[in-house]
There are 2 protein chains.
Amino acid sequence: MGTVNGESEPGGTSRTRRRAARPRQGASMADVAQLAGVSSQTVSRVSNGFPGVTEDTRAQVLAAMRELGYRPNSAARALRRGEFRTLGVITFSLSTMGNIRTLEAIATSAAEHGYAVTLLPVAVPTQDEVNGAFSRLGELAVDAVIVIMEIHLLDAATVSLPPGVQVVVADSDAGDRYTVVDTDQAGGARDAVRHLLDLGHDTVWHLAGPEGSFAAQRRANAWRTTLTEAGRTPPPLVRGDWSAESGYRAGLRLADEPDCTAVFTANDQMALGLLRALHERGRRVPDDVSVIGFDDIPESASFLPPLTTIHQDFAEVGRLCVEGVLSKMREGGAEHGTTLVPTRLVRRESTARRPG
Amino acid sequence: MGTVNGESEPGGTSRTRRRAARPRQGASMADVAQLAGVSSQTVSRVSNGFPGVTEDTRAQVLAAMRELGYRPNSAARALRRGEFRTLGVITFSLSTMGNIRTLEAIATSAAEHGYAVTLLPVAVPTQDEVNGAFSRLGELAVDAVIVIMEIHLLDAATVSLPPGVQVVVADSDAGDRYTVVDTDQAGGARDAVRHLLDLGHDTVWHLAGPEGSFAAQRRANAWRTTLTEAGRTPPPLVRGDWSAESGYRAGLRLADEPDCTAVFTANDQMALGLLRALHERGRRVPDDVSVIGFDDIPESASFLPPLTTIHQDFAEVGRLCVEGVLSKMREGGAEHGTTLVPTRLVRRESTARRPG
DNA sequence: CCAGTGGATGTTTACGTAAACATTGCCTAG
DNA sequence: CTAGGCAATGTTTACGTAAACATCCACTGG
C-alpha cells in the first residue's frame, strides 16, 4: 500500500502528495479549461449544454474533455446545485413480483427524468427496521422518497423526514396522510365479480389473500360489496396466503362445493393451484367452474386453461410515483390524495357461462 | 417562476435571497456550531464519532443537532472525502428471480458496510443500451460497480469505466477479463446428473434453457460431460425457454419416450410444466419418471410432488459481489478471476430409484 | 515554581462546480 | 463615426464538510 506513494522522494510538492492520497480523482474542470485554453466557467457551460458558447470553443472544450477523460464530479454538482438528482426507494424486501415490477418502472421512469434511484431495503418489516430506514435516509443523498410498503408497516413507524424531502407511497391506502399511488384494487375486484355475474353465475366464491394484507382485504371487501349490491349472498370466504400451494388446498375444498360454479381468486398464483385441484377432482374449467385471477402475471396466459384475470399495471404505478414525487418537489405541494391506476379485465379461457 | 422571488421588495440582503432560492437546505454544521457555542470542526468530530471531544461538549452538540434537525450533507461529505459510499448496480431488467434475489442481497450487504446502492436499469439488452448505462455511470455518484448480466451482452459493450471505478460481474463466466462471482452452474448440473445415475437410471435426459443463455449452455455442457464420463450416451437434448409452458410442451414429448426414466430440467419453472405434462400422460413421478430441477424457487417445495432440485444461493452471490468490489477498492487490485458459489442438492420427492 | 506534555478546541483551507457579476470586443443604428 | 447593445467569455465567490495545522489550557514531574 505505502509503496505506491514513493514518499521517499523528497521533492514532492503538496499538490503531488494530495494527488497520491486520492488517486481516484479524475480530471477536473480546471484541468479541462487549462488544456482547452478557456476558463473553467466556459467548460461548465459546455458541460451543461448552456448557450452562449461559440461552436469553435465548444468543439475545443469537448476535445479537451475527451482527451482527459473528464467526468463531472457529481458530489460537487450536488453540493453546488443543492440537489442530488436521486430518488430513494424504501421497500420491504423484493419478494413480490408486484413490488419488483413497480421498482423497475420507477428506475426506468426516474432515468428518463435524469434521476438515479437508490435502494433502501428493509430486511425485516418491524417497526424498528422501518424507522431505521427512514432515519438512515436523512444522511442519504436523495431528494425525495418513494415508499413501496403496505400501510400498516408505515403506520407503525415514526416517520420523520428531513425537511424538503417529499414522499409518495405506493401499495397503500393512506391517502389522507400521504400522497398515494395505487392500483384500483376495489375496481378490479368489482370488475372480476361482475364479469362472472354477467356470465349468469348465481354467486361468486372468493379465494382471498392473507389477513395481514391490505390489498387482500380491499379485494375481499369489494367482492362482498359487489355481490351484496347485486342482491346475491356472498358465500363463505376462503383464505389462502398468496401461494399456489394454498390455492391448491383451497381448491380441494371448493371442488366439493356442488353449487360453486365461479371463483374469484385474489391472485394468479393461487388461481394456478386452484386450477390444478379442480382438474384433479374432475371439475372442468371453465365448463363446470369459472375461475378468474388477479395480477396477470406473465405465466397466466400459459395456464391450463389460459387464465382470465385482472391486469395490474405496475409499470404505470411506478411511473406515476416518479411523476408525482417530482411534481411535488417542483411545486412544494403538501396536499395528499390517492391516485388510482385502473385495472383491465383480460378475458382468456378460464371463464364461461354458467353450466346448465 | 419569477413570482416566487418577490424581487420587488427592495431591502432583501443577498443572504436572504440565497435562502429563498434554495428553501430545502436544512441546518449546516455552522448553524449547529453557533447554537452549541463551539466551532464547526467540533461539530464535525461529533458527527463522525471522532475522539477528542469532552462528554459535555458532545452532549451539547448533539442537543443542538437535535434542535435544528441537523442532517449531514452527503454531497459535501462526498466532495470532501472523495468517495460516495455508494455502489452502482447495472442489470438488464429485473425479470428473473435470480437477478432480483442477487440484487436484494447486494443491497442488504452494502447497507451493512455503510454503502448505498444505486440502480442502473438497462431497459433493452442491446449493445447501445449497455454502452449507455456504462457512460451514464461516469456522471453517477458511485465508487464501484456490480454488473448482473450475462457475458455476451457485456462482451458487445464498449466498456469504458471512469478511472478508479472497480467492477465485479455476477452471472457471467468472463473470469479472464473481469472479477466474477457466480453460482457453480457446472457443479450443480453435475450433482443433479450424478444423483439420478446413483439412483440406478441408465441415462438422464436434459430439458435445457434457451440457446442464447450462457447459464443454460453451461448446465447443458456439464450434463453432457458428466454422462459421457460415466460411460453413458447422452439422449437428444430437449430445449425450452425457461417458462413453465415450454416445460409442459417438452413434457408431452418426453412422456412418449418409453426409456425416459430420469429428466434433469435446467430450471424449476420448466420442471413445473414437465410435471404437469407427465401427470396428464399418466406417467407417475417419481414412480415412472424421476425429475430434478435447478434453482430451488420457493414454490418448488409445494409442487406435486415436491421437487428435488439444485439450490442456488443467490444471497451468497450478492454478498460476495459486495465484499469483492469493496476489497478491490481497498487494495486497488486489478487481477481477475472467478469466485464460484457452491450449489446444494435438495432431495424432495420427485426422484426415486429406477423402476423395475 | 516552571518547562513540558498532551488533550480539547479553534482556524484555515481545499474539494469541484455553477451562479452572479464583470469584462471584452464586435456589430448596428442614428 | 460613435454610442449603445449584445454575445462571448472571464473572475469571483459560496455551497458544507473535514483534513491539516494552530492554539489554548490544565496538569505533571523535576
Nearest-0.5 Å distance that lies between atom CZ in R85(B) and atom OG in S74(B): 11.5 Å

All pairs passing salt bridge (charged side-chain N to carboxylate O under 4.0 Å, His left out) where residues 45-58 of chain A contributes a residue, at least two apart: none

Per R80(B) side chain, nearest of listed nucleotides dA19(D), dA18(C), dG16(C): dA19(D)

Length of the CZ-P vector between F84(A) and dT17(C), whole Å: 16 Å

Between dG16(C) (C1') and D31(A) (CG): distance, integer Å: 10 Å

Nearest-0.5 Å distance, CD1 of residue I100(A) to CD1 of residue I100(B): 3.5 Å

What does the list of N/O pairs under 3.5 Å between the protein and nucleotides 6-10 of chain C look like, with a distance for each?
residue, atom, partner, partner atom, Å
dA8(C), O3', T54(B), OG1, 3.0
dT9(C), OP1, T54(B), OG1, 3.1
dT9(C), OP1, T57(B), OG1, 2.5
dT9(C), OP2, T54(B), N, 2.9
dT9(C), OP2, T54(B), OG1, 3.2
dT9(C), OP2, T57(B), OG1, 3.4
dG10(C), OP2, S39(B), N, 2.7
dG10(C), OP2, S39(B), OG, 3.1
dG10(C), OP2, T42(B), OG1, 2.8
dG10(C), N7, R45(B), NH2, 3.0

Donor-acceptor under 3.5 Å (N48(B) side chain, F50(B) main chain): no

Between dT17(C) (C1') and M65(A) (CE): distance, integer Å: 12 Å

Within-4.5 Å side-chain heavy-atom neighbours: V38(B) and V61(B): yes

dA18(C) OP1/OP2 closer than 4.0 Å to side-chain N/O of R81(A): yes

N73(A) to L79(B) - nearest heavy-atom pair and separation: ND2-CD1, 4.3 Å

